[in-house]
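Each remark here refers to the structure printed beneath this line.
In listed order, ligands and their atoms are each counted from 1. Numbering of residues begins at 1 and proceeds along the displayed sequence.
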Amino acid sequence: MPFALTAEQEALRQMVREVAEKAVAPRAAEIDRTGEFPWDVLQVFREQELLGLGVPEKYGGAGAGVLSLCLAVEEVARVCASSSLILAVQELGLLPILVGGTEEQKQKWLPPIARGEKLISFGLTEPEAGSDAASIKTTARREGDHYVLNGTKRFITGAGVSDWYTVFAVTDPEKGARGISCFLVEKGTPGFSIGRHEEKMGIRGSPTAELLFEDCRVPAENLVGKEGEGFKYAMMTLDQSRTTIAAQALGIAQGALDFAVQYARERRQFGRPIAEFQGIQFMLADMAMKVEAGRYLLYRAASMIDELGIEERGRERLPAEINRFSAMAKAFCSDSAMAVTTDAVQVLGGYGYIRDYPVERMMRDAKITQIYEGTNQIQRLVIARSLLGL
Ligand code: CAA
């Protein structure tokens, strides 16, 4: 299907590229080294109104759509993967409300998220429930006009920094996936605390930690949508949010390719720039093919979601084609990012392996994109199931 960005999307890409070059790129190495969350970058994103890109205008957002959000994530990831995750996680955290919330909940919760006043994270994964997301053990017991949550969430991106969390918990253990519900839990709720912070290989400026619930009383009105529908909301969220991880991976790969091309032109060995050697040229050509192929797959997947109306994005299930395309984009772009960044390190040789140059950081950052929001093995399972109509 032919594909072109609109003038608005091109303008957004240009604007985010300038912001990323000016305010994010100079900070990227330091963010990685210190492992500190970049509050200054968050503030820039707020000022540029990037945190509500994926939120419909009706709920206080820019209504720019998923493809526009992906363009923004891609441009930021080109210079700093940790910072790009601020935009991707905001979308991931809010999507359960957008797909499952009542009209009243959307009106109440989405505007402050869209304005960036509230950061929101997604709490699904647990120590014993990663790929097998339906096997979560955190419970939510109804007690009068409250639910009481008990359990532990692990590997939660944005934990501690976020103000709000969409948390998945079992309300009826007899019903399996149909016994899971989703809750909006606010930071500071008694019984809710942040546990262990993980020391990670990459995306070091993005906090990853546990969420601990010990008799945490959440008002019943914070049940997102309907009881027992949480797992479905989580799956529908991931069907859409996986595009933003593909965008992050694509941006990392583009950043590594750009750097490798520039380096190959400048670095001289055997009396000439290494760009003149076919061994280098073929690597760069393969890297460029992976980046461009991933880009078209991703933009197609994102625009397919944008073609749906907001109501359709919250129905029983997204069309199988979208479920498949977003998994294909996520798996392809992240596998490509790993390959492209590894080759970028190779092009730079010994200099690629040291911290004076950004490609080793890009390689470490790329790895997680093959793992989170569903490992690439799970993506292949999703693609095959959709392809075979299972
Ligand atoms: N949309 C709507 N409903 C769906 C669905 C979808 N895409 N996929 C499944 N469902 C429904 C099914 O219809 C079924 O409902 P019924 O019982 O009413 O028929 C129910 O969910 C259970 O379906 P399955 O039996 O197919 O589920 P499963 O247990 O086999 O699991 C899975 C399917 C695809 C493997 C799923 O567990 C999965 O996606 N796992 C990966 C989890 C994941 O991606 N985690 C990421 C965490 S977030 C993160 O990483 C964020 C970060 O750090 C940035």
Hey, is [X] touching ligand 1 through its side chain, its backbone, both or neither, going by heavy atoms under 4.0 Å?
X: Thr375; result: neither
X: Ile245; result: neither
X: Lys175; result: neither

With atoms numbered from 1 as shown, which atoms in ligand 1 lie under 4.0 angstrom from a non-hydrogen atom of [X]?
X: Leu238; answer: 43 (C), 44 (O)
X: Arg385; answer: 26 (O), 30 (O), 33 (C)
X: Met236; answer: 1 (N), 2 (C)
X: Gly130; answer: 42 (C)
X: Thr125; answer: 47 (C)
X: Asn323; answer: 7 (N)
X: Asp239; answer: 1 (N), 6 (C), 7 (N)
X: Arg178; answer: 16 (P), 17 (O), 18 (O), 19 (O)

Point to revise | atom 25 (O) of ligand 1 touched by protein heavy atom at under 4.0 Å | key: no
Check your understanding: Protein heavy-atom contact under 4.0 Å for atom 15 (O) of ligand 1?
Key -> no
Practice item. Just grab all the salt bridge (charged side-chain N to carboxylate O under 4.0 Å, His left out) pairs involving residues 50-68, residues at least two apart or on different chains. Key: Lys58-Glu103, Lys58-Glu311
Check your understanding: Which pairs, with at least one residue in residues 146-157 and sequence neighbours excluded, count as a salt bridge (charged side-chain N to carboxylate O under 4.0 Å, His left out)?
Key -> Glu126-Lys153, Arg154-Glu210
Taking atom [atom1] of [X] and atom [atom2] of [Y], what is their separation to the nearest 0.5 Å?
X: Leu51; Y: Ile120; atom1: CG; atom2: CD1; answer: 12.5 Å
X: Thr342; Y: Met287; atom1: OG1; atom2: CE; answer: 9.5 Å
X: Arg313; Y: Asp306; atom1: CZ; atom2: CG; answer: 7.0 Å

Check your understanding: If hydrogens are left out, which of Arg317, Lys232, Met235 has an atom nearest to atom 12 (C) of ligand 1, that is, the closest non-hydrogen atom?
Key -> Arg317
Check your understanding: For ligand 1, is Gly176 a contact, meaning one of its heavy atoms is under 4.0 Å away?
Key -> no
Within a strict 4.5 Å, meaning less than it, do heavy atoms of the [X] and [Y] side chains meet?
X: Arg364; Y: Asp32; result: yes
X: Glu292; Y: Tyr296; result: yes
X: Val167; Y: Leu149; result: yes

Check your understanding: So, Lys118 and Glu186, do they make that salt bridge, N to O below 4.0 Å?
Key -> no
Check your understanding: Does Gln248 reach the main-chain N or O of Val73 with its side chain, forming a donor-acceptor pair under 3.5 Å?
Key -> no
